[in-house]
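A quick write-up on the structure given underneath.
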Amino acid sequence: MIEPTRRAFPRELIRADLADFAGYSSARTSAPRPAAGSGGSDHDPIWLNANESGTTSAADPDGSVRRYPDPQPPELVRALAETYGVDDSRLVVGRGSDEAIDLLIRAICTPGADAIVTAPPTFGMYAVSSRLHGTTVREVPLRDEGDRWQVDIDQIIEAVGGGSDVGDDGTPPARPRIVFLASPDNPTGRLLPPADLVRLLDEIGDHAVVVIDEAYQEFAEIDGATSAIELLDSYPTLVVLRTLSKAHALAAARVGVALTHPDLAAVLRRVQTPYPIPAPVTELTLSSLTASAAAVTAERTRATVRGRERLRAALDGHPLVAVVYPSAGNFVLIRAADAGAADRLFTSLQEAGIVIRDFRGTPGLEHSLRITAGSSSEVDAVRDILGQLAEPAATTTTIRSSERTQ
Ligand SMILES: *Cc1c(COP(=O)(O)O)cnc(C)c1O
């Protein structure tokens, strides 16, 4: 259990114009949640403070969704905090880590004045949320070392520190306020070495928030990678994002969390929409976090990592593939030998009814494709096609979807 840190969160990192913003005061923030279907008896209060319906929907006979939910349902917060080993005060639950990314930018960056720092090629939502908020994106590209990717820690430190020069038009440049790094990263699959993270946090100090997006951490943990959660107590400006969309197999439930300093967590809750988590999602999520469900998740995660390694084995040394990048996630990023090879791989898989992710148009990812390690039979289906493409005769063989093995 990681206790709330005693060091304060640097208040100057919160948007100055939000300093005394209290957020929306909802019916549920000003009064406790009634039991489902309650009201009207001698002992229960009669809840008439939120303009909810007095009776239940035909679609919801027991009235479980008649009333607004808690903004942060306590049982859900407790179960998630236990899953990630943090104090409840450090956790903000929202609609996927996508919402957490958006909340962080809105709470910390002043539109038109501030910047975020990203290390592309990486997950696209950091730049999308930043752009929608009117915040500059300062890119410090990953170093492409041929068969692996490295985060350029020195350049990131410089980007955060170097806010003193003046732009071409004489206006002060945007101040970097948040550094976003995913580990494992998507689509590169790379891990951020713990020593690099500690150096980054030490050097940046209170000048910016460092967000480590651990959407794929469960897969990395199978091979022993430690989570940045362990550093939360030491660094008030560290934020760790986790999600139920990947290893937990609940992408459509849209549940993700920000784990952070309790002071920043309080600000994020005020910035968040009033009732972010639908009650059925809370129920579903709670049942996904019981000990028995967690055991199933852990076993599926191990199986996915085995599948990823079978996928890697089929890609390694394949005549159409130049690089198979190491991956700590549930996917493999490859660079095809050339444009023609990339096209053959992508088209042959597509004709077999297998859809993979095309990164050929992304700067730095020429000829690159990303393949998810799905179920064991889905990995088999990809391996079959790769096997056919590796045979010299495959140049003249058309692979039809009817021949695909599932
Ligand atoms: C998939 C992914 C997410 C998305 O998370 P949601 O919780 O589904 O919003 C976040 N970060 C990275 C790096 C991802 O690849």
Side-chain angles (χ1 to χ4, degrees), residues 118-127 139-153 155-156 180-197 212-226 228 246-247 301-302 304-346 348-349 354-374 378-379 382-383 385-387 389-390:
T118 64
T122 188
F123 187 52
M125 281 309 290
Y126 315 133
E139 296 190 332
V140 178
L142 297 177
R143 281 205 310 272
D144 178 358
E145 300 191 334
D147 57 357
R148 62 185 191 145
W149 303 90
Q150 288 276 33
V151 179
D152 198 331
I153 297 291
Q155 287 295 319
I156 292 178
F180 281 99
L181 292 172
S183 181
D185 192 18
N186 171 21
T188 63
R190 58 140 197 90
L191 274 175
L192 183 66
D196 281 2
L197 174 57
I212 302 299
D213 182 345
E214 294 190 336
Y216 302 95
Q217 177 60 22
E218 291 87 349
F219 303 105
E221 251 154 36
I222 303 285
D223 296 320
T226 55
K246 307 287 163 55
T301 306
R302 283 191 291 273
T304 303
V305 168
R306 289 194 297 271
R308 180 193 73 205
E309 291 311 304
R310 288 199 305 121
L311 191 56
R312 283 180 58 83
L315 289 158
D316 240 337
H318 192 282
L320 297 178
V321 177
V323 184
V324 184
Y325 292 100
S327 171
N330 63 341
F331 55 87
V332 180
L333 180 73
I334 59 159
R335 204 185 283 272
D338 52 35
D343 200 52
R344 279 198 65 208
L345 283 164
F346 188 80
S348 304
L349 287 165
I354 300 170
V355 184
I356 64 168
R357 189 66 174 261
D358 188 355
F359 280 101
R360 288 176 287 179
T362 303
L365 291 180
E366 291 73 24
H367 317 328
S368 296
L369 305 167
R370 190 193 68 196
I371 308 172
T372 304
E378 288 168 345
V379 170
V382 175
R383 283 170 56 102
I385 304 300
L386 290 172
L389 286 169

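The structure displayed is predicted, hence computed values, not measured ones.
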Partner residues of [X] under the side-chain contact (heavy atoms from CB on, under 4.5 Å) criterion, sequence neighbours left out:
X    : value
T301 : E218, F219, I222, A247, T297
S183 : L191, L192, I212
R306 : E299, R302, A303
A337 : A341

Nearest heavy-atom contact between G329 and Y216 is CA-CB, 4.0 Å
Can you name the closest pair of heavy atoms from L345 and A336 and give their distance?
CD1-CB, 4.0 Å
The criterion is salt bridge (Lys or Arg N to Asp or Glu O under 4.0 Å); which residues satisfy it with D338, sequence neighbours excluded?
none
Side-chain donor-acceptor pairs under 3.5 Å in residues 315-324, sequence neighbours left out?
| unit_1 | atom_1 | unit_2 | atom_2 | d |
| --- | --- | --- | --- | --- |
| H318 | ND1 | L320 | N | 3.1 |
| H318 | NE2 | L386 | O | 2.8 |

What's the spacing between [X] [atom1] and [Y] [atom2] if we round to 0.5 Å?
X    : Y    : atom1 : atom2 : value
I334 : R370 : CD1   : CZ    : 12.5 Å
L142 : Q150 : CG    : CD    : 9.0 Å
E309 : S327 : CD    : OG    : 8.0 Å
Y325 : E145 : OH    : CD    : 11.0 Å

Apply side chain to side chain contact (heavy atoms under 4.5 Å, CB included) to the pair F331 and I371, showing each step before the final yes or no.
CA-CA 5 Å; F331 55 87; I371 308 172; over 6 Å; no
The side chain to side chain donor-acceptor pair (under 3.5 Å) partners of T188 (sequence neighbours excluded) come to D185
Under the side chain to side chain donor-acceptor pair (under 3.5 Å) test, which residues partner D343, sequence neighbours left out?
R360
What residues form a ring pair (Phe, Tyr, Trp, His ring centres under 6.0 Å) with F123, not counting sequence neighbours?
Y126
Residues at least two apart in sequence or cross-chain that pass ring pair (Phe, Tyr, Trp, His ring centres under 6.0 Å) with F359, listed by chain then number, are none
Could you give me the CA-CA distance, side-chain angles and deciding distance for N186 and L333, then say whether side chain to side chain contact (heavy atoms under 4.5 Å, CB included) is met?
CA-CA 9 Å; N186 171 21; L333 180 73; over 6 Å; no
Checking L369 against R357 for the side chain to side chain contact (heavy atoms under 4.5 Å, CB included) test, could you report, in this order, the C-alpha distance in whole Å, the side-chain angles of both residues, the deciding distance, and whether it holds?
CA-CA 6 Å; L369 305 167; R357 189 66 174 261; over 6 Å; no
Is it the case that over 12 heavy atoms from other parts of the model lie below 6.0 angstrom from the CZ atom of R143?
yes
Derivation of the side chain to side chain contact (heavy atoms under 4.5 Å, CB included) call for I153 and L197:
CA-CA 8 Å; I153 297 291; L197 174 57; over 6 Å; no
Given side chains that start at C-beta, do those of L181 and D213 come closer than 4.5 Å, heavy atoms only?
no
If only atom types and distance count, is the side chain of [X] paired as donor or acceptor with the main-chain N or O of [Y] below 3.5 Å?
X    : Y    : value
R190 : A182 : yes
R383 : R310 : yes
E378 : A373 : no

Sort and list the pairs that fulfil salt bridge (charged side-chain N to carboxylate O under 4.0 Å, His left out) and have at least one residue in residues 327-337, not counting sequence neighbours.
D144-R335, R335-E366
